[in-house]
Amino acid sequence: MAELDRKPDFKKIEEKWQKYWEKNKTYQFDPKSKKEIFSIDTPPPYASGDHLHVGHALHYTQFELVSRYKRMRGFNVYFPPCFDNNGLPTEKYVEEKYKITKTDMSRSKFRKLCRKEAGKVEKNYTKRFFKALGHAYDWNLLYTTIDSESQKVAQTSFVDLYKKGYAYRAEEPVLWCPHHQTALAQAEVEDAKRKTKMNWVYFELENGKKVEIATTRPEFLPACVGVFAHPEDKRYTHLIGKKIKVPIFNFWVPIFADDSVDMEFGSGLMMVCTFGDNADLEKWRRLKLPMKIIIDKEGKLTKAAGKYAGLKLNQAKAAVIDDLEGWGLLARQEDLEQTVGVCWRCNTPIEFLPTKQWFVKTLAFKKELIKQGRKIDWHPKFYRKRFEDWTNNLGWDWIISRQRYYGVPMPIWYCKKCGKEQIADAKILPVDPFEVKPTKKCSCGSGQFEPEKDVFDTWMTSSMSPEIIIKWLKKPDQFKKMFPVSLRPQSHDIIRTWAFYTILKAYLHFKDIPWKEVMISNYVLDPKGRGMSKSKGNAIWLKDLLEKYSADAIRYWVSTVSLGKDMPFKEQELVRGSKVLIKLWNSSRFIAMNIGKVPKTKPQLEISDKWILSRLAEIQNSYIKHSDRYEISQARRILEDFFYAEFCDFYLEMIKYRTYGTDQKSKQAAQWTLNKTLLEILKMFAPLIPHMTEEIYEKLYKRQIKSKSIHTLQFSKPDKVDAEAITLGKQACKIISEIRQHKQKNQLGMGAELESYKLKRKPKDWKKIEALVKGTMRVRQIK
RNA sequence: GGACCUAUAGUCUAGUGGUAGGAUACUGCCUUCACAUGGCAGAGGCUUCAGUUCAAUUCUGAGUAGGUCCACCA
């Protein structure tokens, strides 16, 4: 065995092996292998900037550990890297970086710019993130969400859904972000709390009397289409069916009765406008009220709002309140805590705007989707409930069209004459309808078409990620063999989007589940427990950590985190990781110095050897049991406890008197046991700390084992456990601790020789461990 | 309003129907013999109440606190 340096140079070791793995294609998928395939539907990181904080490191490393573990469990691992460079984030990134808006240039020019920028970011990510952390991707399998194969899959998916009657176009009020000026899906709307004012406004009745109506959105007065009261509200029953005059605008609207009105809220009278909020929309739909639209796509008021036309919503609100006050129509104002739906990207409150959009039928399949969800193994399992809650509560079909530039084009044209849509033939996909014309004439006979301007919702592509990674269209045989894929790792915030849409698509296309298992990972919070982000200024950057700690130490920290729990980031966890690495190095160094030539055949083992080998077997069993359930942190803890508290603290001390001594048989038994135990320990640590274990493997084992890398080895089958050896070993450890305490109390070094020692209590089988204890603690006589 | 998760030393974390294990920080002792980025030792802890039980930190119920999702939000 070769010797190890006194101190390891972490950075040098890391760079060396990162290069080696790349050059040797250590993690390449082997399509010819007969091993069972384990495929991972990797989450694509947004290539929209270079903000890499420890949260990303955690998220991506958590399942990267799994890929390494599965490889060593004997699977043929299919682990593709990927980037999401599609959709809004990229578009916004480019707009911000160049200080432009997308309308400043042509669509194709803008898209080129987006691709260029995304490409730069991807390179940066790869080098400074995935490779710097030693991630075991097969880079040949790289995909991005905007590349032509992904576009083809997304478009093919749409064409298939259209043919099956699951995709339809309709004009109706949709959730609208005035900032991004696009329609949004329900999943893209989040709640935000804010303070606002409740305004008590006077409306005038037909008899000239005034009544108060409370509203948070007086700017919507011009869109008022009715006033509602509860049918049992005695204050107002006499008004039902009569008319009421809207202040400032002085038009009359009817007064209706409806159960949904809360008598306690406000004055008990509710004004309904098209569309101030969900409740308005609901009543409009149910009661077929008229529609008065007073806002445009930018969130400005239209001509229908009279003198307020052209103002933005919040300006209009201020102006209306001013006028109400000036004319004595404002009874009073109250502070109010309000929750509003906002765009998840820009926090702009969403509005309702009727527009023509494409939808995918979703509401009709709620029951089936929940059934599909139950066929999938969720880790941890309680997240399945969240999927079901979301599915049960869905109120809208999925809007798949977006009014953006950068994204996958929708393969649709519209007849200029009759307006009928023509969907591209599956054979010509991917297609940009701006660049290609339909081959067929419209059924009305016209050959003149208008291309669809909208692009797909980014989830239209992402929801097909299992199909994309295993090449649904390019390699149908492979697809058949590998679908559903093995594992989807993802974070919990996108269960309602990514997980949901992926399950939906697999069902609509194949009546199947997309993956067998889902692994939901955590958020890293800052040390005070808040979410980490660049904008909050509390992010801890990976770059800074990598300057201070080794990649393996960071990976070690990841392996301490349990699934399903968000955790605040604590730097002290990295200190522990660094210590474990040093301990592993030093113990290996000690073994290398003492091991000499390893006997080829199994020698006659002594009691301490049998003890540590039995314990090793027990550890191997539970390590595998936990890892198979993705309980990486439990597996790691069991392994680490064994390595520290039994292997280093006791076994290595137990064999010193034998390796330094003259009894060759005893020495060889110790060497044989050391050699085997350390190798298995290294293998179990290998997925967690790949650089350090590879370095030690190279120095100590490469010559005796054929494998070029520890990472392509498999875990050995655990030996049978010798129960007696375990009991005796435990007793020996207990007695050794007792003698250590004695030496400590008497201010003796641990290596000091003792003439005699009297045990507190002699165990039953003392004879079997007497020599071991005496030798280890250097005591001549034990009574 | 409904649902889910969590509650263990200053901090982080394991575990159990019967004396709660470890890390980190703190204190003390120990440097020829792998390791001071070390070894050994010390001090310090089960959210509250009720129930089941010979016995509850563990099981059951309720409460409290924190986190999360959904609904409501005129």
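Values below: every heavy atom of this structure, side chains too, minus hydrogens, waters and symmetry copies. Chain letters run A, B, ... following the sequence lines, proteins first and then strands; every chain starts at 1.
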Spacing of the P atoms in B:G51 and B:U58 (rounded, Å):
14 Å
From CG of A:Asn392 over to P of B:C4, roughly how many Å is that when rounded to an integer?
13 Å
Looking across every strand, which nucleic acid part, if any, lies under 4.0 Å from A:Thr339 by heavy atom: base, sugar-phosphate, or nothing?
base
Residue list, ring pair (Phe, Tyr, Trp, His ring centres under 6.0 Å) with A:Phe352, at least two apart or on another chain
none
Taking atom P in both B:C70 and B:U13, compute the distance separating them and give it to the nearest angstrom.
25 Å
Indicate, with a heavy-atom threshold strictly under 4.0 Å, whether A:Arg6 touches base, sugar-phosphate, or nothing.
sugar-phosphate
Measure from the side chain of A:Lys7, starting at C-beta and using heavy atoms only, and say which of B:C73, B:U37, B:C33 lies closest.
B:U37
Whole-Å gap separating P (B:A34) and CG (A:Leu700)
16 Å
Does A:Lys583 reach a base, just sugar-phosphate, or nothing at all? Heavy atoms under 4.0 Å.
base
Check ring pair (Phe, Tyr, Trp, His ring centres under 6.0 Å) between A:Phe590 and all other residues, then give those that pass, not counting sequence neighbours.
none
With a non-hydrogen cut-off below 4.0 angstrom, is A:Asp262 in contact with a base, only sugar-phosphate, or nothing?
base
Within the 4.0 Å heavy-atom criterion, would you say A:Val261 contacts the bases, only the backbone, or no part of the nucleic acid?
base
Every stem of 3 or more Watson-Crick or G-U pairs under 3.5 Å that RNA chain B joins, in order of first number, is B:1-7 with B:64-70, B:10-13 with B:21-24, B:26-30 with B:38-42, B:47-51 with B:59-63
Identify, with sequence neighbours excluded, every residue that meets salt bridge (Lys or Arg N to Asp or Glu O under 4.0 Å) alongside A:Lys245.
A:Glu204
Could you give all pairs that pass the salt bridge (Lys or Arg N to Asp or Glu O under 4.0 Å) test and reach residues 489-500 of chain A, with sequence neighbours left out?
A:Glu190-A:Arg496
Expressed as a whole number of angstroms, how long is the span from A:Phe590:CZ to B:G38:P?
18 Å
Given atom CG of A:Leu394 and atom P of B:C69, what is their separation to the nearest angstrom?
16 Å
For A:Leu652 and B:G39, what is the distance between atoms CG and P respectively, to the nearest whole Å?
12 Å
Closest to the A:Asp649 side chain, choosing from B:C40, B:A34, B:G2:
B:C40
Under a 4.0 Å N-O cut-off, is there an ion pair linking A:Arg384 with A:Glu388?
yes
Can you check whether A:Ser562 has a side-chain N or O nearer than 4.0 Å to OP1 or OP2 of B:A14?
yes
Checking contacts here: which listed nucleotide (B:C73, B:G39, B:C33) is nearest the side-chain heavy atoms of A:Tyr660?
B:C33
A:Trp557 CH2 to B:U13 P, in whole Å, measures 12 Å
Compare the minimum distances between each of B:C35, B:G15, B:C73 and the side chain of A:Gln634, then state the nucleotide with the smallest one.
B:G15
Among all residues two or more places apart in sequence or in another chain, which pass the ring pair (Phe, Tyr, Trp, His ring centres under 6.0 Å) test with A:Tyr236?
none
Sugar-phosphate only, base, or nothing, as touched by A:Lys656 at under 4.0 Å among non-hydrogen atoms
base
I need a per-nucleotide contact map over nucleotides 21-29 of chain B, read 5' to 3'. Cutoff is protein heavy atoms under 4.0 Å; write B for the base, S for backbone only, - otherwise.
--SS---BB
Taking any heavy-atom pair under 4.0 Å as a contact, classify A:Gln186: base, sugar-phosphate, or nothing.
sugar-phosphate
Expressed as a whole number of Å, how far does the P atom of B:U60 sit from that of B:A7?
13 Å
Separation of the C1' atoms in B:G38 and B:A65, to the nearest angstrom:
41 Å
Between B:C30 and B:A36, how many Å separate the two C1' atoms, rounded to a whole number?
11 Å
Rounding to the closest angstrom, what is the interatomic distance between B:U27 and B:A43 at atom C1'?
8 Å
Cation-pi between A:Lys583 and A:Phe643: NZ/CZ under 6.0 Å from ring centre and within 45° of the ring axis?
no
Choose from B:C40, B:A71, B:U37 the nucleotide whose nearest atom is closest to any side-chain atom of A:Arg740.
B:C40
Residue A:Met593, side-chain atoms from C-beta onward, closest of B:C69, B:A34, B:A41
B:A34
A:Tyr501, A:Phe500, A:Phe365, A:Trp459 screened by ring-ring contact (aromatic ring centres under 6.0 Å, His included) with A:Trp398, the one that passes:
A:Tyr501
Under 4.0 Å, heavy atoms only, any strand: does A:Cys648 hit a base, just the sugar-phosphate, or nothing?
base
NA contact type, A:Ser587, heavy-atom cut-off 4.0 Å: base, sugar-phosphate, or nothing?
base
Separation between the P atoms of B:U48 and B:C54, rounded to whole Å
24 Å
Once you apply a heavy-atom cut-off of 4.0 Å, does A:Phe382 come out as touching a base, just sugar-phosphate, or nothing?
sugar-phosphate
Distance to the ring centre below 6.0 angstrom and angle to the axis at most 45 degrees; does that hold for A:Arg555 and A:Phe10?
no
Could you check how far CD of A:Glu334 sits from P of B:C73, rounded to whole Å?
18 Å
For the C1' atoms, the ones on B:G1 and on B:C59, what distance do you get once it is rounded to whole angstrom?
30 Å
To the nearest angstrom, the CD1-C1' distance between A:Ile520 and B:C69 comes to 13 Å
Would you verify whether the NZ or CZ of A:Arg488 falls within 45 degrees of the ring axis of A:Trp498 while also being under 6.0 Å from that six-membered ring's centre?
yes
Need to verify one output field. Residue with the more 5' nearest nucleotide on RNA chain B, A:Asn393 or A:Asp280?
A:Asn393
For residues 650-659 of chain A, pull every pair meeting salt bridge (Lys or Arg N to Asp or Glu O under 4.0 Å), keeping only residues two or more places apart or in separate chains.
A:Glu606-A:Arg658, A:Asp609-A:Arg658, A:Glu653-A:Lys656
Qualifying residues under ring pair (Phe, Tyr, Trp, His ring centres under 6.0 Å), relative to A:Trp176, sequence neighbours excluded
none
